[in-house]
Amino acid sequence: MASAGIPAAPTQPALPSGPAVFKTIPYAFILPEILCGTWVWILVAATSVSLPLLQGWVMYVSLSSCLISLLLLISYIFGFHKNSENWKVLDSLYHGATAILYLSAAVLQANATITSESNPNSPLYYQLNSAASFFAFITTFLYILHAFSIYYQ
């Protein structure tokens with residue numbers, strides 16, 4: 001007797017672990033996120049903070065997201081996820097929320113850059129703030145790409 005044609009449930013792709021993390025598209029964004037985020041907080045820390053509340057938020061967002069992304073990368077490399085579907089949800093929620101926070105930090109850093117432009121005594125700080133704004137927007141874009149690629153996968 002022929003068995004009924006029950007369609008098999010679609011299988012989800014396995015979560016990468018080990019070096020495969022760097023070759024799989026949504027997870028390969030983690031390392032550039034960490035590197036660009038590190039540049040943001042190094043550049044902001046190197047400037048003369050004219051607006052402590054604004055640039056304090058930029059430092060908080062960039063440093064905390066860099067450390068959490070580093071922990072997430074380490075957990076993927078060592079395979080702590082055990083191929084659980086919950087890790088995809090955690091990854092998507094984290095990167096989506098961080099993209100929103102980074103966008104707010106990038107806008108505030110751009111505001112600090114515009115404010116530092118009016119100070120003629122320190123053109124170096126304007127250049128550092130400009131570079132920090134650039135890397136903040138690049139990092140925001142990377143977090144958005146990561147969140148949407150996880151969501152659509």
Side-chain angles (χ1 to χ4, degrees), residues 13 15-153:
L15 292 173
S17 59
V21 171
F22 302 110
K23 298 175 186 173
T24 309
I25 264 305
Y27 308 102
F29 290 129
I30 295 177
L31 191 59
E33 291 164 1
I34 293 170
L35 294 175
C36 289
T38 303
W39 272 112
V40 171
W41 66 266
I42 288 173
L43 290 167
V44 171
T47 64
S48 172
V49 177
S50 58
L51 304 166
L53 187 61
L54 299 182
Q55 290 183 307
W57 176 249
V58 175
M59 286 291 289
Y60 171 75
V61 169
S62 61
L63 186 59
S64 62
S65 61
C66 180
L67 292 176
I68 294 172
S69 292
L70 183 63
L71 290 174
L72 194 60
L73 178 65
I74 289 170
S75 66
Y76 277 125
I77 288 175
F78 289 118
F80 294 144
H81 53 76
K82 305 272 192 248
N83 210 12
S84 172
E85 195 63 30
N86 295 335
W87 277 83
K88 282 188 177 182
V89 174
L90 171 78
D91 197 352
S92 180
L93 288 175
Y94 165 70
H95 281 90
T98 305
I100 293 169
L101 293 176
Y102 238 110
L103 182 61
S104 71
V107 168
L108 292 176
Q109 181 58 38
N111 184 19
T113 302
I114 292 168
T115 304
S116 70
E117 182 181 23
S118 63
N119 188 0
N121 297 333
S122 57
L124 175 65
Y125 294 143
Y126 174 72
Q127 293 171 354
L128 290 172
N129 281 324
S130 297
S133 296
F134 173 76
F135 280 110
F137 281 109
I138 294 295
T139 308
T140 302
F141 181 67
L142 287 170
Y143 276 106
I144 290 171
L145 278 178
H146 190 121
F148 277 117
S149 63
I150 286 285
Y151 178 73
Y152 286 118
Q153 188 181 35

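Computed from a predicted model, the values in this text were never measured in an experiment. Along the sequence shown, residues are numbered consecutively beginning with 1.
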Using side-chain contact (heavy atoms from CB on, under 4.5 Å) as the criterion, list what pairs up with [X], not counting sequence neighbours.
{"X": "Leu128", "value": "Leu43, Ala46, Thr47, Leu124, Tyr125"}
{"X": "Ser64", "value": "Tyr60"}
{"X": "Ser133", "value": "Gln109, Ala110, Thr113"}

Less than 4.5 Å apart, any side-chain heavy atom of [X] and any of [Y]?
{"X": "Tyr102", "Y": "Ile144", "value": "no"}
{"X": "Pro26", "Y": "Phe148", "value": "no"}
{"X": "Phe22", "Y": "Leu73", "value": "yes"}
{"X": "Gln55", "Y": "Asn129", "value": "yes"}
{"X": "Ile100", "Y": "Tyr143", "value": "no"}
{"X": "Ile74", "Y": "Leu70", "value": "yes"}

Measuring from atom [atom1] of [X] to atom [atom2] of [Y], what distance do you get when rounded to the nearest 0.5 angstrom?
{"X": "Cys66", "Y": "Leu35", "atom1": "SG", "atom2": "CG", "value": "8.0 Å"}
{"X": "Glu33", "Y": "Thr140", "atom1": "CD", "atom2": "OG1", "value": "10.5 Å"}
{"X": "Trp87", "Y": "Phe80", "atom1": "CH2", "atom2": "CZ", "value": "8.0 Å"}
{"X": "Leu142", "Y": "Phe137", "atom1": "CG", "atom2": "CZ", "value": "13.5 Å"}
{"X": "Thr38", "Y": "Leu67", "atom1": "OG1", "atom2": "CG", "value": "8.5 Å"}
{"X": "Asp91", "Y": "Asn86", "atom1": "CG", "atom2": "CG", "value": "12.5 Å"}

| Exercise: do Ser65 and Tyr94 side chains pair donor with acceptor under 3.5 Å |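 Absent: no donor and acceptor within the cut-off.
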
Within the distance-only criterion (no hydrogens, no angle test), does the side chain of [X] pair as donor or acceptor with the backbone N or O of [Y] below 3.5 angstrom?
{"X": "Thr98", "Y": "His95", "result": "no"}
{"X": "Ser92", "Y": "Lys88", "result": "no"}
{"X": "Ser69", "Y": "Ile30", "result": "no"}

| Heavy-atom pair with the smallest gap, counting every atom of Cys36 and Thr139 |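 So the minimum-distance heavy-atom pair works out to CB-OG1, 3.0 Å.
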
| said: For Val61, run the side-chain contact (heavy atoms from CB on, under 4.5 Å) check against Leu101, Val40, Leu103 and tell me which one passes. | reply: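 Single side-chain contact (heavy atoms from CB on, under 4.5 Å) partner of Val61 among Leu101, Val40, Leu103: Leu101.
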
| request: Determine the interplanar angle of the Phe135 and Trp39 rings, folded into 0 to 90°, and report it as parallel if under 30°, tilted if 30 to 60°, perpendicular if over 60°. | output: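 Aromatic pair Phe135/Trp39 classed parallel.
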
| With a cut-off of 6.0 Å (strictly less than), are more than 12 heavy atoms of other residues, nucleotides or ligands near CZ of Phe78? |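 Open: at most 12 neighbouring heavy atoms sit under 6.0 Å from CZ of Phe78.
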
| message | Heavy-atom count check: over 12 atoms from other residues, nucleotides or ligands less than 6.0 Å from Phe141 CZ? | response |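 Incorrect, the count does not exceed 12.
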
